[in-house]
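Here is the structure we will look at, set down as structure tokens.
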Amino acid sequence: MLVRRSMSTRRHSAQDVAARAISTSIVASPTTAEPLRILMVTARYLPDIGGTEVHTKELAERLAALGHDVTVLTTDLWDELPGVEWTSRVRIRRVRAWPADRDYYFAPSIFRIVTRGRWDIVHCQGYHTLVAPITMLAAWRARIPFVVSFHSGGHSSAFRRAIRGMQRRALRPLLARAHRLVGGSTFEAQYFEKKLGLPSEKFAVVPVVAHLPVVTAPDPESDGTTLLVSIGRLERYKGHHRAIEAMPLVIEQVPNARLRVVGDGPYESELWRLAEELGVDDDVEIKSIPLDRRDEMAHLLHRASLVISLSEYESAGLAVREALAARRQALLLQTSALTELAESPLVQQIPMQSTKEQIARAIVEQLRRPAIADAARNPTWDSCVAAYDAIYRAAVRDARCVS
């Protein structure tokens with residue numbers, strides 16, 4: 001159920017895949033190269049909120065600032081937003097999608113816009129919905145090179161998780177025609193390389209970028225609260241409920257501990273019910289932060305004593321990367337792309353099967369650890385834009401050679 005908008009086969013080492021990512025970042029200066037006509041297609045875009053939306057916006061605006069002609073093609077389930085608008089030199093086109101109360105996003109107009117446009121490259125952001133196969137099929141029919149960034153995620157529905165394999169097999173013929181299949185982490189690229197059985201040369205890694213406004217004087221907690229923060233869409237697989245279940249045990253040892261859950265989604269009422277049943281509803285706050293209020297997110301993270309991610313699946317772990325960039329400690333499950341963050345001295349990881357007692361103990365132990373500096377270098381938007389610029393230009397060059 002969609003919640004309406006509230007605002008190959010062989011396995012390669014991490015070093016091998018990372019090396020392929022590094023190679024894509026070597027690119028001629030965009031100021032001297034020919035500008036490209038880029039079409040980015042995504043099921044959702046601003047003002048909808050999510051990691052894919054943030055990434056697409058930031059990448060599109062930065063590419064446009066370099067002189068590229070960038071259009072974002074997306075859907076409008078409710079027919080409430082302008083069909084065409086401009087923001088930060090990026091043209092946004094919205095088309096109707098059906099049904100409005102599901103997340104299938106069947107938008108047939110996408111095919112016509114892709115095939116009739118004079119695009120040099122098509123970039124499909126995300127693969128989950130019906131937007132992806134329509135986009136890939138249209139680009140292939142029009143002989144336009146295309147790139148796919150997976151932006152994969154989990155799902156609270158057992159049925160939806162069960163059919164993911166069938167979905168990947170159905171999409172494989174189209175994915176095989178992409179110039180590059182891009183993972184936001186080494187884990188994600190390796191995962192799809194194994195599941196799709198496509199050659200390693202088809203894949204690239206462009207790490208997601210944690211980018212928040214600089215906070216020079218973070219607001220202190222006036223009441224002396226020890227703030228715990230759990231960030232992510234309100235779905236069961238994100239694990240917010242496990243943090244809430246641990247709170248009574250945490251409060252026994254840290255009486256001033258409070259939990260802020262940041263996000264929106266269909267699981268909100270269940271999370272509130274759980275907090276009330278456990279008697280911690282006064283110690284838990286569930287509230288989203290609009291995408292255009294990044295300064296508010298930055299201040300929240302800087303006030304946090306600990307950021308928690310008990311998610312069962314993360315393709316890149318953007319929220320955690322933002323927390324680490326803000327030098328916050330993080331408690332994570334040992335799963336998916338979160339395992340790539342284990343080298344940071346700010347990170348503690350616990351097993352997927354951890355009980356609420358084990359989670360509470362890990363939280364308290366980490367709160368009692370002395371602050372640790374982390375000088376790890378984070379990916380930048382400059383490196384991300386350069387990597388995609390290189391991928392696009394290689395795709396266009398190869399397509400021209402074939403034609």
Side-chain angles (χ1 to χ4, degrees), residues 24 27-46 52-53 55-76 81-97 105-127 129-149 171 173-182 202 204 206 384-403:
T24 64
V27 60
S29 170
T31 59
T32 60
E34 176 187 358
L36 299 176
R37 292 164 300 196
I38 302 168
L39 177 67
M40 291 189 187
V41 188
T42 179
R44 305 195 330 162
Y45 194 66
L46 275 62
T52 303
E53 292 85 335
H55 176 88
T56 304
K57 169 189 178 293
E58 297 289 345
L59 179 60
E61 291 182 356
R62 283 169 168 79
L63 287 167
L66 292 179
H68 294 297
D69 182 351
V70 183
T71 297
V72 172
L73 176 59
T74 189
T75 68
D76 181 7
L81 299 169
V84 179
E85 66 174 327
W86 289 82
T87 60
S88 301
R89 304 183 188 177
V90 175
R91 181 190 303 106
I92 303 168
R93 294 193 61 176
R94 297 184 178 90
V95 298
R96 287 300 309 277
Y105 293 92
F106 177 63
S109 297
I110 287 176
F111 189 92
R112 173 180 53 81
I113 294 173
V114 173
T115 55
R116 294 184 183 180
R118 298 181 60 198
W119 319 110
D120 292 314
I121 185 77
V122 173
H123 187 169
C124 185
Q125 300 277 9
Y127 85 105
T129 71
L130 292 174
V131 166
I134 293 174
T135 300
M136 291 188 285
L137 179 61
W140 172 59
R141 289 289 298 272
R143 298 185 178 181
I144 303 170
F146 66 94
V147 172
V148 178
S149 294
L171 291 177
L174 289 170
L175 292 170
R177 297 180 183 277
H179 174 78
R180 282 291 183 273
L181 302 173
V182 183
K202 182 70 68 175
V206 181
C384 178
V385 171
Y388 274 114
D389 186 271
I391 290 172
Y392 295 161
R393 293 188 184 283
V396 173
R397 182 176 62 249
D398 290 353
R400 289 173 179 172
C401 289
V402 171
S403 61

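We number each residue from 1, following the sequence as shown.
Under the 6.0 Å cut-off for aromatic ring centres, His179 and Tyr392 do not qualify, their centroids lying 6.0 Å or more apart.
Taking the side chain as every heavy atom from C-beta outward, Leu39 and Ile121 never approach each other to under 4.5 Å. Two residues are said to be in side-chain contact when any heavy atoms from C-beta on lie closer than 4.5 Å; Met40 and Val90 fail this criterion. Residues Asp120 and Ile38 have side chains not in contact (no heavy-atom distance under 4.5 Å, counting atoms from C-beta outward). Counting heavy atoms from C-beta outward, Thr71 and Arg93 have side chains that approach closer than 4.5 Å. Residues Val131 and Phe106 form no side-chain contact, since every pair of their non-hydrogen atoms from C-beta on lies 4.5 Å or further apart. For the pair Glu58 and Cys384, the minimum side-chain heavy-atom distance is 4.5 Å or more. A heavy-atom distance below 4.5 Å is not found between the side chains of Thr135 and Phe146. Between Pro145 and Val122, the closest side-chain pair of non-hydrogen atoms is not below 4.5 Å.
Once rounded to the nearest 0.5 Å, the distance linking OG1 of Thr42 with NE2 of His123 reads 9.5 Å. Atom CZ of residue Arg96 and atom CG of residue Asp76 lie 6.5 Å apart, to the nearest 0.5 angstrom. Here the CD1-CD1 distance, from Ile134 to Ile113, works out to 11.0 Å after rounding to the nearest 0.5 Å. Residue Asp389 holds its CG atom at 4.0 Å from NE2 of His68, rounded to the nearest 0.5 Å.
Residues Lys57 and Glu53 are not paired through a salt bridge, judged by the lack of any N-O separation under 4.0 Å between the basic side chain and the carboxylate. Ionic pairing of Arg37 and Asp69 is not present here: no N-O contact between side-chain nitrogen and carboxylate oxygen is shorter than 4.0 angstrom.
Between Leu174 and Pro133, the closest heavy-atom pair is CD1-O, 3.8 Å. Residue Val114 comes nearest to Ile144 through the heavy atom pair O-CD1, 3.6 Å, listed as atom of the first residue, atom of the second, then distance. Nearest heavy-atom pair, Leu130 versus Tyr105, reported as atom, atom and distance to 0.1 Å: CB-O, 3.8 Å. Between Pro35 and Gly67, the shortest heavy-atom distance links the atoms CB-O, 3.4 Å. Contact between Ser88 and Ala64 at its shortest, heavy atoms only, is O-CB, 4.1 Å. Taking every heavy atom of both residues into account, Pro173 and Arg177 meet most closely at O-CG, 3.4 Å.
With hydrogens and angles ignored, the 3.5 Å screen pairs no side-chain donor or acceptor of Thr75 with any backbone N or O of Val95. The backbone N or O of Leu181 sits nowhere less than 3.5 Å from a side-chain atom of Lys202 that would complete a donor-acceptor pair.
Under the side chain to side chain contact (heavy atoms under 4.5 Å, CB included) test applied with Val70, the options Leu63, Ile92, Leu59, Leu36 reduce to a single match, Leu63.
Crowding of Arg89 atom CZ: a count of heavy atoms from other residues, nucleotides or ligands under 6.0 Å not exceeding 12.
Donor-acceptor pairing under 3.5 Å is recorded for the side chains of Ser149 and Tyr388.
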Stepwise salt bridge (charged side-chain N to carboxylate O under 4.0 Å, His left out) test for Glu85 and Arg94: CA-CA 9 Å; Glu85 66 174 327; Arg94 297 184 178 90; 2.7 Å; yes

